[in-house]
A.B. asks: 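Below is a structure I'd like to ask you about.
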Amino acid sequence: MSSAADRAAPPNRGPLVRFLVLLVIVAVVLYPLIWMIGTSVKSPQEIVSNIGLIPEKFTPGNFAEGWTKFDVSFGRFFLNSALVSLLTVLGNTISCLLAAYALGRLRFRLRGVWFAVMIGTLLLPGHVLIIPQYILFRTLGWVGGDWPYLPLLVPAFLATEAFFVFLIVQFMRGIPRELDEAAVIDGASPYGIFRHVILPLSRPALVTTAIFSFIWTWNDFFRQLVFLSELKDYTAPVALTLFIDSTSESAVGPMFAMSLLSLIPVFLFFVAFQRLLVEGINTSGLKG
């Protein structure tokens, strides 16, 4: 009787339904990227007439035209973006780590007040701060000067990204203070505790900071548009706007081709560090 009942029971379609639902979600999420890939190899006429994913006529010349369209090669814009992004990653990881260590592990007067002030800066939109920042950097002679990237890089080395400071502080609070006390018994100074205890265990938070700093800086458009004035100093996001000018003579095909190339560094950077990010989350930064 039981075997007959098992044969009569309907098959379990739950895994199949979940797979189909996930497949639909992935298709919806990836559709813009797939559409951009197809549009990057379409002719200007086909971009207007054909909204499908697959081009009727393959036009790889969009990449060559976009790369050499301006007086400055688009490769220069990529190098500018890489320089700004990597230095920002370096500045954010170092400065935010030091600030987080002071706010999260050291004891000094008004520490809670300074932490509250730092958290309060998260409530201010970046567009509100851009005008006083521009006035300040203009007064210092950093805008349009010989070092055009100073307005973009100096704040990163001064721990102005309160989000990353807060992220690392919260992570450090999960590290047992018994480790600090044991290091003090061994004769370690606050610097020694930071160097031999906090820094190695903070790698997951630092990797997260590096990943998001790189992605946000590489994709940043508004700040770079405000502070960069020379064509040779433009980054990739700012240079992409040059394909659409005020005379409506737009090079949409090359623009999509260069937009596609601009996604590659972000993708590679994330792939290179995602293993460390996942490993850090799984181990909570503590091994033993």
A.B. asks: Can you give me every donor-acceptor pair (side chain of residues 148-167, partner residue at least two apart or in another chain, under 3.5 Å) with its distance?
C.D. replies:
from	atom 1	to	atom 2	distance (Å)
Tyr149	OH	Asn80	OD1	3.2
Tyr149	OH	Asn80	ND2	3.4
Tyr149	OH	Asp233	O	2.9
Thr160	OG1	Pro155	O	2.8

A.B. asks: Ser81 and Ala236: which non-hydrogen atoms are nearest, and at how many Å?
C.D. replies: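 Smallest heavy-atom distance, with atoms named: OG-N, 2.8 Å.
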A.B. asks: Please examine the side chains of Ser262 and Phe78, heavy atoms only from C-beta on, and report whether any two atoms are closer than 4.5 Å.
C.D. replies: yes
A.B. asks: In Å and rounded to the nearest 0.5 Å, what is the CG to CD1 distance from Leu30 to Ile25?
C.D. replies: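 Here the rounded value is 11.5 Å.
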A.B. asks: Which distance, rounded to the nearest 0.5 Å, do you find between the CD of Glu181 and the CZ of Arg177?
C.D. replies: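 If I round to the nearest 0.5 Å, the distance is 8.5 Å.
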A.B. asks: Show the nearest heavy-atom pair for residues Phe108 and Leu103, with the distance to one decimal.
C.D. replies: CZ-CD2, 4.1 Å
A.B. asks: Where do Met172 and Leu97 come nearest, in terms of heavy atoms and distance?
C.D. replies: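 That would be CE-CD1, 3.4 Å.
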A.B. asks: Are Phe171 and Ile198 side-chain neighbours, meaning at least one heavy-atom pair lies under 4.5 Å?
C.D. replies: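 Phe171 does not reach Ile198 side chain to side chain.
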A.B. asks: When the ring planes of Phe214 and Trp218 are compared, do they come out parallel, tilted or perpendicular, using 30° and 60° as the limits?
C.D. replies: parallel
A.B. asks: Does CH2 belonging to Trp147 count more than 12 external heavy atoms closer than 6.0 Å?
C.D. replies: no
A.B. asks: Evaluate whether atom CG of Asp71 has more than 12 neighbouring non-hydrogen atoms of other residues, nucleotides or ligands under 6.0 angstrom away.
C.D. replies: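 Atom CG in Asp71 is not crowded, with 12 or fewer foreign heavy atoms closer than 6.0 Å.
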A.B. asks: Hey, any chance Val24 and Phe19 share a hydrophobic cluster, counting ILVMFWY side chains that come within less than 4.5 Å of each other, even indirectly?
C.D. replies: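 Hydrophobic grouping puts Val24 apart from Phe19.
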A.B. asks: Mind checking whether Ile185 and Tyr191 sit in one hydrophobic cluster, side chains of I, L, V, M, F, W, Y counted as touching below 4.5 Å?
C.D. replies: no
A.B. asks: Do Leu79 and Leu86 share a hydrophobic cluster (ILVMFWY, side-chain heavy atoms under 4.5 Å, transitive)?
C.D. replies: no
A.B. asks: Check step by step if side-chain contact (heavy atoms from CB on, under 4.5 Å) holds for Leu33 and Leu263.
C.D. replies: CA-CA 10 Å; Leu33 176 62; Leu263 293 177; 3.6 Å; yes
A.B. asks: Using the side-chain hydrogen bond (donor to acceptor under 3.5 Å, both in side chains) criterion, which residues pair with Asp180? Sequence neighbours excluded.
C.D. replies: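 Checked Asp180 against side-chain hydrogen bond (donor to acceptor under 3.5 Å, both in side chains); matches are Arg105.
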A.B. asks: Report yes if some heavy atom in the side chain of Gln133 is under 4.5 Å from a heavy atom in the side chain of Arg223; otherwise report no.
C.D. replies: yes
A.B. asks: Please report the interatomic distance CD(Glu65) to CE(Met258), rounded to the nearest 0.5 Å.
C.D. replies: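 Glu65 atom CD to Met258 atom CE measures 9.5 Å (nearest 0.5 Å).
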A.B. asks: Would a single hydrophobic cluster contain both Val26 and Val28, if residues Ile, Leu, Val, Met, Phe, Trp and Tyr are joined by side-chain heavy-atom contacts under 4.5 Å?
C.D. replies: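 Unlinked, Val28 and Val26 end up in two clusters.
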A.B. asks: For Ser259 versus Met36, what's the shortest heavy-atom pair and its separation?
C.D. replies: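 Looking at all heavy atoms of both residues, the shortest contact is CB-SD, 4.0 Å.
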A.B. asks: Mind checking whether Leu261 and Ser40 have side chains closer than 4.5 Å, heavy atoms only?
C.D. replies: no
A.B. asks: State which residues pass ring-ring contact (aromatic ring centres under 6.0 Å, His included) with Tyr101; sequence neighbours excluded, sorted by chain then number.
C.D. replies: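 With sequence neighbours excluded, Tyr101 shows a ring-ring contact (aromatic ring centres under 6.0 Å, His included) to Phe194, given in chain and number order.
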A.B. asks: Would you say CG of Leu23 has more than 12 non-hydrogen atoms from neighbouring residues, nucleotides or ligands within 6.0 angstrom?
C.D. replies: yes
A.B. asks: Side-chain heavy atoms under 4.5 Å apart, restricted to Ile/Leu/Val/Met/Phe/Trp/Tyr: what other residues fall into the cluster of Val128, or is it alone?
C.D. replies: none
A.B. asks: Side-chain heavy atoms nearer than 4.5 Å, only ILVMFWY residues, links allowed to pass through others: does that put Trp35 and Phe58 together?
C.D. replies: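 Same cluster.
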A.B. asks: Counting heavy atoms not belonging to Leu124, are there more than 12 under 6.0 Å from its CG?
C.D. replies: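 Above 12, so yes.
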A.B. asks: Could I get the full list of ring-ring contact (aromatic ring centres under 6.0 Å, His included) partners for Tyr234, not counting sequence neighbours?
C.D. replies: none
A.B. asks: Given the rule in the side-chain contact (heavy atoms from CB on, under 4.5 Å) test, do Thr241 and Phe221 qualify, once you have shown the distances and angles that lead to the verdict?
C.D. replies: CA-CA 10 Å; Thr241 62; Phe221 169 76; 3.3 Å; yes
A.B. asks: Is the backbone of Val238 close enough, under 3.5 Å, to the side chain of Gln224 for a donor and an acceptor to pair up by distance?
C.D. replies: no
A.B. asks: Nearest heavy-atom pair of Pro55 and Val41: which atoms, and what distance?
C.D. replies: CG-CG2, 3.7 Å
A.B. asks: Starting from the C-alpha separation in whole Å, work towards a yes-or-no answer on side-chain contact (heavy atoms from CB on, under 4.5 Å) for Asn62 and Phe256.
C.D. replies: CA-CA 8 Å; Asn62 289 335; Phe256 277 105; over 6 Å; no
A.B. asks: If you define the side chain from C-beta out and look only at heavy atoms, does anything of Asp220 sit under 4.5 Å from Thr88?
C.D. replies: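 The answer is no; the side chains never approach within 4.5 Å.
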A.B. asks: Drop me the distance from Leu206's CG to Asn92's CG, to the nearest 0.5 angstrom.
C.D. replies: 11.0 Å
A.B. asks: Quick check: does any side chain N or O of Ser43 sit under 3.5 Å from a backbone N or O of Glu46, one acting as donor and the other as acceptor?
C.D. replies: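 Judged by distance alone, yes, a pair lies under 3.5 Å.
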A.B. asks: So, taking the atom named CD1 in Ile135 and the one named CG in Leu140, what distance separates them when rounded to the nearest 0.5 Å?
C.D. replies: 12.0 Å
A.B. asks: Can you confirm whether more than 12 heavy atoms, excluding those of Arg138, are under 6.0 Å from its CZ atom?
C.D. replies: no
A.B. asks: In Å and rounded to the nearest 0.5 Å, what is the CG to OG distance from Leu90 to Ser95?
C.D. replies: 9.0 Å
A.B. asks: Who pairs with Trp67 by side-chain hydrogen bond (donor to acceptor under 3.5 Å, both in side chains), at least two apart in sequence or on another chain?
C.D. replies: Ser73
A.B. asks: Evaluate whether atom CZ of Arg173 has more than 12 neighbouring non-hydrogen atoms of other residues, nucleotides or ligands under 6.0 angstrom away.
C.D. replies: yes
A.B. asks: Carefully, step by step, assess Phe77 and Thr235 under the rule side-chain contact (heavy atoms from CB on, under 4.5 Å).
C.D. replies: CA-CA 5 Å; Phe77 303 140; Thr235 56; over 6 Å; no
